[in-house]
Amino acid sequence: MKAGLAKDQTEINKIIAEASKGSKFYENEKRKDKELTERIAKILKVRDDILREADIAKAEHSADALLTKMEEQRDLTQIIVHVDMDAFYASVELLDDPSLAGKPFAVGHGVVSTASYAARKFGVRSGMAEFVAKKLCPELIVISTHFVRYMELSKQIMDIFRRYDPTMCAAGCDEGYLNITKYCEEHLLTADDCVQEMRETVHRETKLTVSAGIAPNKMLAKICSDRNKPNGQFALEFSPAAVKAFMHDLSIRKIPGVGRVNERLLESIGIKTCGDIYTHRATLALMDRYFGLHFLLQTYLGIASNVVEPGQREERKSIGSERTFHTLSTKEDILRKLEEVAADLSEDMERTGWTGKTVTLKYKLDTYQVFTRAKSFDRWISTKKDDLFATGKELLLPELPLRLRLIGLRVTKLKDLRAEADKPGSIKRFFESAGSSPRKKRRLDEEGQKERDDNDEPRLTQDGYEDAMPGFYEHEDAEREELERGGLAETDDNGDTAPTSKLSSTAGPSRAKAPPPLEPFASSSHSVSPQKQGNVKVHSTLAPTPPPEEREPAAEEHICPICARKLATDNAGLNAHVDYCLSRSAIREAQQAGGNAPAVLKPLVLGASTGAKRKRRKG
DNA sequence: GCGGATCAC
DNA sequence: TATGGTGATCCGC
């Protein structure tokens, strides 16, 4: 058992399984697990067929030749550092409320974003449903998120990192990659001392702790940063032998790009550690299409990109918006949600200056199955809400009736409308001249600074609450591996070790898979007036929909300085809204920074013909 | 170009 | 009772 765990891992797994059992979510996980099991069975059959006739020695030779070539390209000249804040959100909350010290608490609601280390001892993990977390740890304190605060600190921290590498690459709001080669040279510092100093500086200036990994490339650095977490650092020796030794016993799951599915696929052919890659190189060479030989050989050698550069705006490939809600099945309700999403996306696109050519609708059934429908244009699309809404309807209506729990819209094939920034009349100008309340003013100032990056502008959402389940979870550090190995691990979702066979054997008849099982309730209310366009009422479309807690007695009306929307709310409501607007912006910015610069090589593909099961459904 | 899948954060 | 949102990429068709 993992040292420091307050509960036995199998006990944890049992509780999770108990809590999840019978839910639609869990049923969906089982379904996916079963499909994966079947997929693996097919791959194994293919493998057996191939190996029966193949010239193994020859395959090994070709893999070895590749390895030799790769080895020649190994570059150990750059000192790459991956820095990673420890339990970032939780640490910030702790900073702002010292009474939380030592207590098990989690940030987020509905789903855990980040768990304090005390909570982790109970098995609480990010991504875990709150009610499950509470079962694991009844005394768990759940705190709502404060994104504006996180971003404030994130910016501060990133600025510190940039002193060591001005072109450092932020990967999310709480981690990043640096190349400190130059800094170390100029300051006559060893990498270890440099990173030590950097971490101390962060702690001194923010009272937050950060862990770091030092290695010759980004992949290795990232893995190393996890090694001595929290509040520690780990440096890998810069020699081919040391790197290879490091990789040899490393679980492939530690490799960025290898998630649960790929872990299971690889495991099915006997690869659990990076060292196993070499053992099975013949199989991999013969089944390159399924497993991606190149990537795996590079991984085996511990070779990856050592290029560190900040993400660029022009690299963005898509922009979208989606939201989850309690299951809806009437056309009216569903269209209302679609319209909200369209409004969100429209606002976002206009504010950040993007258009595109393809619109993709995404929806998730109440069974958790996800589908997408896309439509391309031969022109740049209008970013007006009503036009996005219209396209969305075009894609969605033929699919109804459905019972939905999520709707999203995404635009791709983007065009940057902001080639030259700072046009007169741009939001920025408005932004800088706006502002009235003291609180607002402060925020605006902060935002103003960010502007120099020509980055995203703040973004509007529907209500003034932070509770709309924002951005992302902090990635899990340490311990996760242990958890996932346990059995019905993690969310118990099949995932890693969950006794696959068991799950699938108990699973009922495979549900219809291709088309959304539509058979819900007759969408009784076809009545409908597709309030398509007559409905330009600023109220229902532009104004935030009334939040859960009605604050209708809003005789007051304010204009949000961020999104420029008219808000029927009092001062407190406005402040909450502004906070939310800003947080969305900051989150997006942070994510964008990270998303643009993949930390690793290419994603692993482990493709596997899901084969015949694909079929265009109706119309 | 489309739809499904996987992954990161 | 109950399980996120944004973005990227790859594959097979």
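Residue numbers begin at 1 in each chain, while the letters A, B, ... track the order of the sequences. Predicted model, so just to flag it, every value in this text is computed and none were measured.
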S.K.: Under 4.0 Å, counting only non-hydrogen atoms across every strand here, what does A/T358 touch: a base, just sugar-phosphate, or nothing?
M.R.: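 The residue A/T358 makes sugar-phosphate contact but no base contact.
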S.K.: Between A/S23 and C/dT3, is there a side-chain N or O to OP1/OP2 distance below 4.0 Å?
M.R.: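 For C/dT3, neither OP1 nor OP2 has a side-chain N or O of A/S23 closer than 4.0 Å.
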S.K.: Calculate the interatomic distance between A/L265 atom CG and B/dC7 atom C1'; express it in whole Å.
M.R.: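 Computing the A/L265:CG to B/dC7:C1' distance gives 13 Å.
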S.K.: Kindly say if A/Y368 contacts the phosphate of C/dT3, meaning a side-chain N or O under 4.0 Å from OP1 or OP2.
M.R.: yes
S.K.: Whole-Å distance between C/dG4 P and A/E130 CD?
M.R.: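 Between P of C/dG4 and CD of A/E130: 13 Å.
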S.K.: So, OP1 or OP2 of B/dT6: does either fall under 4.0 Å of a side-chain N or O from A/R39?
M.R.: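 For B/dT6, OP1/OP2 do have a side-chain N/O of A/R39 under 4.0 Å.
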S.K.: Out of B/dC9, C/dA2, B/dA5, which nucleotide sits closest to the side chain of A/E35?
M.R.: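 When the side chain of A/E35 is considered, B/dA5 is the closest of B/dC9, C/dA2, B/dA5.
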S.K.: Does B/dG1 have OP1 or OP2 under 4.0 Å away from a side-chain N or O of A/K413?
M.R.: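 Checking B/dG1 against A/K413, a side-chain N or O does come within under 4.0 Å of OP1 or OP2.
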S.K.: Just jot down the ring-ring contact (aromatic ring centres under 6.0 Å, His included) partners of A/F161, sequence neighbours excluded, or say none.
M.R.: none
S.K.: Check ring-ring contact (aromatic ring centres under 6.0 Å, His included) between A/F105 and all other residues, then give those that pass, not counting sequence neighbours.
M.R.: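 A/F105 satisfies ring-ring contact (aromatic ring centres under 6.0 Å, His included) with no residue once adjacent residues are dropped.
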S.K.: Go nucleotide by nucleotide along DNA chain C from the 5' end; which of A/K24 and A/L406 gets its closest nucleotide reached first?
M.R.: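 Result: A/K24.
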S.K.: Just to confirm, is there a sub-4.0 Å distance from OP1 or OP2 of C/dG7 to any side-chain nitrogen or oxygen of A/S318?
M.R.: no
S.K.: Does the side chain of A/K222 get closer than 4.0 angstrom to OP1 or OP2 of B/dC9 through an N or O atom?
M.R.: yes
S.K.: Are A/K135 and A/F131 in a cation-pi setup, meaning NZ or CZ lies under 6.0 angstrom from the ring centre and within 45 degrees of the ring axis?
M.R.: no
S.K.: Within this structure, what is the CG-to-P distance between A/L395 and B/dC2, rounded to whole angstrom?
M.R.: 9 Å
S.K.: Is A/R323 near enough to C/dT6 that one of its side-chain N or O atoms lies under 4.0 angstrom from OP1 or OP2?
M.R.: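 Indeed not, no polar side-chain atom of A/R323 lies that close.
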S.K.: Could you state the atom-to-atom distance from CG of A/N262 to C1' of C/dC10 in whole Å?
M.R.: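 Whole-Å distance recorded here is 11 Å.
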S.K.: So, OP1 or OP2 of C/dA8: does either fall under 4.0 Å of a side-chain N or O from A/R410?
M.R.: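 The answer is no; no side-chain N or O of A/R410 sits under 4.0 Å from OP1 or OP2.
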S.K.: Of all the choices, B/dC7, B/dG4, C/dG12, which nucleotide is nearest to the side chain of A/V261 once you look at every atom?
M.R.: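 The answer is B/dC7, which lies nearest to the side chain.
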S.K.: Output the single nucleotide from B/dC2, B/dG3, C/dT3 whose closest atom is nearest the side chain of A/S376.
M.R.: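 So the side chain of A/S376 is nearest to B/dC2.
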S.K.: Run A/R31 and A/E27 through salt bridge (charged side-chain N to carboxylate O under 4.0 Å, His left out) and show every step you take.
M.R.: CA-CA 6 Å; A/R31 178 186 59 78; A/E27 292 304 311; over 6 Å; no
S.K.: Suppose you measure atom P in C/dT3 against the same atom in B/dA8; what distance do you get, rounded to whole Å?
M.R.: 24 Å
S.K.: Find the distance A/R405:CZ to C/dT3:P and express it as a whole number of Å.
M.R.: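 Whole-Å distance recorded here is 4 Å.
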S.K.: Within this structure, what is the CG-to-P distance between A/D84 and B/dC9, rounded to whole angstrom?
M.R.: 9 Å
S.K.: Whether A/R316 contacts C/dG7 is assessed here as follows: a side-chain N or O lying under 4.0 Å from the phosphate OP1 or OP2. Is that the case?
M.R.: yes
S.K.: Between C/dG5 and A/T324, is there an OP1 or OP2 to side-chain N/O distance shorter than 4.0 Å?
M.R.: yes
S.K.: Whole-Å distance between B/dT6 C1' and A/Q369 CD?
M.R.: 17 Å
S.K.: Going by modelled atom types, is there a donor-acceptor pair between the base of C/dT6 and the side chain of A/S321 at under 3.5 Å?
M.R.: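 No such pair is found, so the answer is no.
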S.K.: Heavy atoms from C-beta onward define the side chain here; which of B/dG4, C/dT6, C/dA2 lies closest to that of A/E322?
M.R.: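 Selected nucleotide (nearest to the side chain): C/dT6.
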S.K.: Can you give me the closest heavy-atom contact between A/R264 and A/T37, atom names plus distance?
M.R.: NH2-OG1, 3.1 Å
S.K.: May I ask you to say what A/K375 touches in the nucleic acid, namely base, sugar-phosphate or nothing, with a heavy-atom cut-off under 4.0 Å?
M.R.: sugar-phosphate
S.K.: With respect to A/F291, which candidate in A/N262, A/I43, A/I277, A/L286 satisfies the side-chain contact (heavy atoms from CB on, under 4.5 Å) definition?
M.R.: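 That would be A/I43; it is the only one of A/N262, A/I43, A/I277, A/L286 passing the side-chain contact (heavy atoms from CB on, under 4.5 Å) with A/F291.
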S.K.: Rounded to whole Å, please give me the gap between NE2 in A/H326 and C1' in C/dA2.
M.R.: 14 Å
S.K.: Quick one: sort the A/Y150 and A/Y89 rings into parallel, tilted or perpendicular, breaks at 30° and 60°.
M.R.: parallel
